Asker: 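What follows is a single structure, and I will ask about it in a moment.
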Amino acid sequence: EVLFAGARGLFGEDVLGLQVVMAAFDLGTVYLLVLVGRALAVPRAAAAYALHPLVLKEFSQAAHVDAAAVFFLVLAALLMVKKRNTLAVSCLAAATLVKLFPIVLLPVLWRRVGWKRVLLYLLIVGAPFAALLAVGVWPFTGLWTFARYWIFNPSVYDLVVRAIGLTVPVERAHALARPVCAVVIASGIARLTWKMSPEDDRSVLRAMLAAILLLLLCSPAANPWYVAWLLPFGLLLGDRATLAWTGTASLAYAFYWAG
């Protein structure tokens with residue numbers, strides 16, 4: 001909401017204003033990738049991100065606020081590499097307040113940052129919600145509706161629905177598939193947390209990438225701009241599967257072309 005209000009305050013109701021703001025976050029992400037790339041000896045990651053068609057289309061042109069979430073997420077990664085874990089957790093909380101997906105990284109990062117910083121993260125993320133609840137506003141209605149009904153471009157989730165749908169009606173299959181996939185995500189993240197080396201920067205970043213990937217694979221909705229969440233980590237780690245998905249994610253728009 002702060003981002004939308006800021007864009008409106010600077011540029012009025014013109015959508016170009018929001019595009020400018022998101023493009024600025026994108027440029028910030030490019031700069032951060034230069035710094036992280038130097039630390040991890042991946043000098044081309046920033047240029048590859050800046051020129052990636054998915055980023056140009058979904059962030060700078062379509063002005064999805066995910067650009068801001070990715071900026072804070074990469075900033076958190078940079079700060080972790082520099083061993084500034086308190087600031088890193090604060091940036092992760094900022095990313096979560098833009099889009100909720102980074103919350104799945106908290107179990108993975110717990111072993112890296114410690115439980116006190118986990119509490120700091122929860123305080124930062126929880127404060128705005130607590131303020132809304134204090135004035136009688138329930139802030140989770142949209143999230144509940146999205147989580148319960150929204151479906152677009154699913155992968156593993158769709159396979160689970162089809163498997164369950166062999167024995168129950170399709171509506172019931174969708175209702176059952178969501179908790180099944182939630183269990184898969186939770187189990188996978190627990191395994192990632194157990195297996196990663198908390199002092200190894202690459203191991204931590206790989207666990208972060210795998211957690212986001214697992215979330216998207218098991219989610220009922222994997223919009224193309226969601227897939228862009230993976231891109232910074234895929235480039236830094238040279239993960240071919242991730243890069244392949246970011247390169248083909250826009251094919252989901254064929255759904256609209258087909259009518």
Side-chain angles (χ1 to χ4, degrees), residues 1 54 58 62 64-66 69-70 73 92-93 95-110 118 121-122 125-126 128-130 132-133 136-195 207-230 233 241-242 244-246 248-259:
E1 296 300 328
L54 188 63
E58 302 297 347
H64 290 293
V65 295
D66 303 59
V70 170
L73 187 58
L92 185 66
T96 308
L97 289 172
V98 177
K99 272 291 180 77
L100 282 177
F101 76 91
I103 202 169
V104 302
L105 303 178
L106 195 58
V108 173
L109 297 178
W110 162 70
V118 169
Y121 168 92
L122 294 174
V125 172
F129 293 102
L132 290 172
L133 291 170
V137 176
W138 181 253
F140 305 110
T141 302
L143 175 64
W144 172 251
T145 301
F146 181 86
R148 188 174 182 183
Y149 298 112
W150 199 265
I151 300 172
F152 182 76
N153 195 33
S155 50
V156 172
Y157 170 83
D158 189 57
L159 296 177
V160 174
V161 169
R162 290 173 185 271
I164 297 175
L166 295 174
T167 58
V168 301
V170 64
E171 295 83 3
R172 181 64 175 160
H174 279 287
L176 293 172
R178 283 174 165 81
V180 168
C181 286
V183 170
V184 172
I185 293 170
S187 301
I189 290 175
R191 180 173 173 79
L192 289 170
T193 303
W194 179 259
K195 291 191 66 176
M208 292 171 69
L209 171 62
I212 298 172
L213 179 61
L214 182 62
L215 174 67
L216 289 174
L217 287 173
C218 294
S219 174
N223 293 306
W225 56 96
Y226 293 2
V227 180
W229 304 340
L230 301 165
F233 298 102
T242 297
W245 195 8
T246 61
T248 58
S250 294
L251 293 176
Y253 287 120
F255 172 83
Y256 299 106
W257 298 336

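Only heavy atoms go into these numbers, but all of them, side chains included; no hydrogens, no water, no symmetry mates. Small disclaimer: the values here were computed from a predicted structure and weren't measured.
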Asker: Would you say that L109 contacts L92 through its side chain, given a criterion of any heavy-atom pair below 4.5 Å between the two side chains?
Answerer: yes
Asker: Using side-chain heavy atoms (C-beta onward) and a distance below 4.5 Å, is L209 in contact with L230?
Answerer: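 Side-chain contact under 4.5 Å: yes.
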Asker: What are the two closest non-hydrogen atoms of A147 and R178, and how far apart are they?
Answerer: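 Scanning both residues completely, I find the closest heavy atoms to be O-NE, 2.6 Å.
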Asker: Quick one: pull up CZ in F146 and CD1 in I151 and give me the separation to the nearest 0.5 Å.
Answerer: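 It comes to 10.5 Å.
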Asker: With side-chain contact (heavy atoms from CB on, under 4.5 Å) as the test, would you mind laying out the steps for L122 and L106 before giving the verdict?
Answerer: CA-CA 10 Å; L122 294 174; L106 195 58; 4.0 Å; yes
Asker: Once you round to the nearest 0.5 Å, how far does CZ of R172 lie from OG1 of T167?
Answerer: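 Rounded to the nearest 0.5 Å, the CZ-OG1 separation comes to 10.0 Å.
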Asker: Of the non-hydrogen atoms in H64 and E58, which two are nearest, and what is the gap between them?
Answerer: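 Heavy-atom minimum between the residues: CD2-O, 3.0 Å.
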Asker: Please evaluate residues L143 and L100 with respect to the criterion side-chain contact (heavy atoms from CB on, under 4.5 Å), reporting the C-alpha separation (whole Å), side-chain torsions for both, the decisive distance (0.1 Å), and the verdict.
Answerer: CA-CA 10 Å; L143 175 64; L100 282 177; 3.6 Å; yes
Asker: Is it the case that the side chain of S155 and the backbone of L217 share a donor-acceptor pair, with hydrogens and angles ignored and the cut-off at 3.5 Å?
Answerer: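 Here the side-chain-to-backbone pair exists.
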Asker: Locate the shortest heavy-atom distance separating W150 from F152; write the atom from each residue and the value.
Answerer: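 Smallest heavy-atom distance, with atoms named: NE1-CB, 4.2 Å.
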Asker: Going from CD1 on I164 to NE2 on H174, what distance comes out if it is rounded to the nearest 0.5 angstrom?
Answerer: 10.0 Å
Asker: Do S219 and Y226 pair up side chain to side chain, a donor and an acceptor below 3.5 Å, judged on atom types alone?
Answerer: no
Asker: Just verifying a value: how many Å separate W225 CH2 and L54 CG, rounded to the nearest 0.5 Å?
Answerer: 10.5 Å
Asker: Check the pair L97 / V125 against side-chain contact (heavy atoms from CB on, under 4.5 Å), numbers first and verdict last.
Answerer: CA-CA 6 Å; L97 289 172; V125 172; 4.3 Å; yes
Asker: Kindly give the heavy-atom pair with the smallest separation between P139 and V137, and that separation in Å.
Answerer: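 Shortest heavy-atom separation between P139 and V137 comes out as CD-O, 3.2 Å.
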Asker: Please report the shortest heavy-atom distance between A211 and L192, naming the atom on each side.
Answerer: N-CD1, 3.6 Å
Asker: Walk me through whether L73 and I212 qualify under side-chain contact (heavy atoms from CB on, under 4.5 Å).
Answerer: CA-CA 12 Å; L73 187 58; I212 298 172; 4.0 Å; yes
Asker: Rounded at 0.5 Å granularity, tell me how far CG in N153 sits from CG in D158.
Answerer: 9.5 Å
Asker: To the nearest 0.5 Å, what is the distance between CG (L213) and CH2 (W245)?
Answerer: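 Separation between the atoms: 6.0 Å.
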Asker: Please report the closest heavy-atom contact between C181 and C218, naming both atoms and the distance.
Answerer: CB-O, 3.4 Å
